[in-house]
Q: 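Would you mind keeping the following structure in view while I ask a few things?
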Amino acid sequence: MFVFPLAGRGQLARLGLLTSHLSLLTLCMTTAARAQSGDPALEHARKLLRSTPLIDGHNDLPWEIRDSKTAPRDVAAYDIRQTTPKQTDLPRMAEGEVGAQFWSIYIPGEIKDSGYARVQLEQFDIARRMIARYPDRLALALTADDIERDFKKGKVASLLGMEGGHAIENSLGALRSYYALGARYMTLTHNVTLDWADAALDSVRHGGLTEFGSEVVREMNRLGMLVDLSHVSPGVMSDALDVSEAPVIFSHSAARALVDHPRNVPDSILVRLKKNGGIVMVTFVPAFVSPDAAAWDLQAQQESNRLKGTVSDTAERRRMEDEWKAAHPQPRASLKQVADHVEHVRDVAGIDHVGIGSDFDGIDAVPEGLEDSSRFPYLFAELIRRGWSDSDLKKLAGQNLLRVFHSAEATAARLQKSRQPSTKTIEQLDGPRLSS
Ligand SMILES: [Zn+2]
């Protein structure tokens, strides 16, 4: 990995030419190191991922930058040319052969304050400043063709995906404005049930999508914004599949038949992807891919709830939670388990309906073997050892997502000919709000 131990950041800008020479040198050294790995499956995986873009469906780096302890929201200070505290930086992404990345534009839905727009806009700003800061390595991608163009140029196509429909604050105008800022997918919910959709990890209030929720899906179809069903309840998954005229995605979920976690996708939904055309981008979140890690997650949640009922002081409660976690370490998930989920989705939904969505930088624990953004080729090497063909591996890597994206764009072009932007309100479709 390459770092600049002596140069200050002001100097870096003046060192552009030297930087590109040094980058080339680093690239040569990395390539030499790769050639010596001695693992034919790994070499095969790397070669394959250089011929087709690996598209990762979910990475939370923009929130990490916001949340930095030393320099919050400072894109320059959070230098991704160097090793970062979590799982993502440019050298590790290059080592991991990442061709395109959906950067998550996440905002927490738990805090009900004066509105979400400010934080959401700030997250767009952080992500877009980050992408603009490394023009030699990252490029803002707004279309499926952009992904292929950037990949050919050797840059990571950088897409923006909103995490949580609460961000639109029940407004289709806000949805359209976020599309204009570059959002190309939106998870209909995050972890909190909304006025128009139930979340996987919250109470069921509507049994799926309300009429306004269906209108959100229709407007996303008209815009060409991918409907992301990670984080929603099975009822919302089902309703969205009924309503959506374009293929849907799950940007970071796993298979519920293997790990019974509410964030995962049931087989009854997986089989419906054949007709819809959508994909599940299998995530690396330990509690979603390992039954032992999932059981631990449940226990940790119960302990946290128990403490909430008995300890009122927040700091003291956090300390006790940390103490519990130290005494009960989370069981590790493994790369092989992630590969099992990939194969389950392939077996039930079909090879055209599976992709990869790591959730790096959104997780503290990582599976053994998939520790950071440098490790993607190891997952592909495992599948090569399991007998996967090159054409199937290419579909998994990114061809499936590209097909879905092209299809969503074609649907949008068709719908825009016959349908005006929706001006419907939640009050018109679902009746008066009780609050707000
Ligand atoms: Zn998430």
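Owing to the predicted nature of the structure, the values given are computational and were not obtained by experimental measurement. In listed order, ligands and their atoms are each counted from 1.
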Q: Would you name the heavy atoms of Gly278 and His353 that are closest together and state the gap between them?
A: O-ND1, 2.7 Å
Q: Are any of the side-chain heavy atoms of Asp267 and His344 separated by less than 4.5 Å?
A: yes
Q: For the ring-ring contact (aromatic ring centres under 6.0 Å, His included) test, which of His341, His261, His231 pairs with Phe288?
A: His261
Q: If you measure from the Lys or Arg side-chain nitrogens to the Asp or Glu carboxylate oxygens, is any gap between Glu148 and Arg403 under 4.0 Å?
A: no
Q: Quick one: do Asp390 and Lys395 make a salt bridge, cutoff under 4.0 Å?
A: no
Q: Measure distances from the Zn ion (ligand 1) and count the protein N, O or S atoms below 2.8 Å.
A: 3
Q: Regarding Ser422 and Arg218, is there a side-chain donor-to-acceptor distance under 3.5 Å anywhere?
A: no
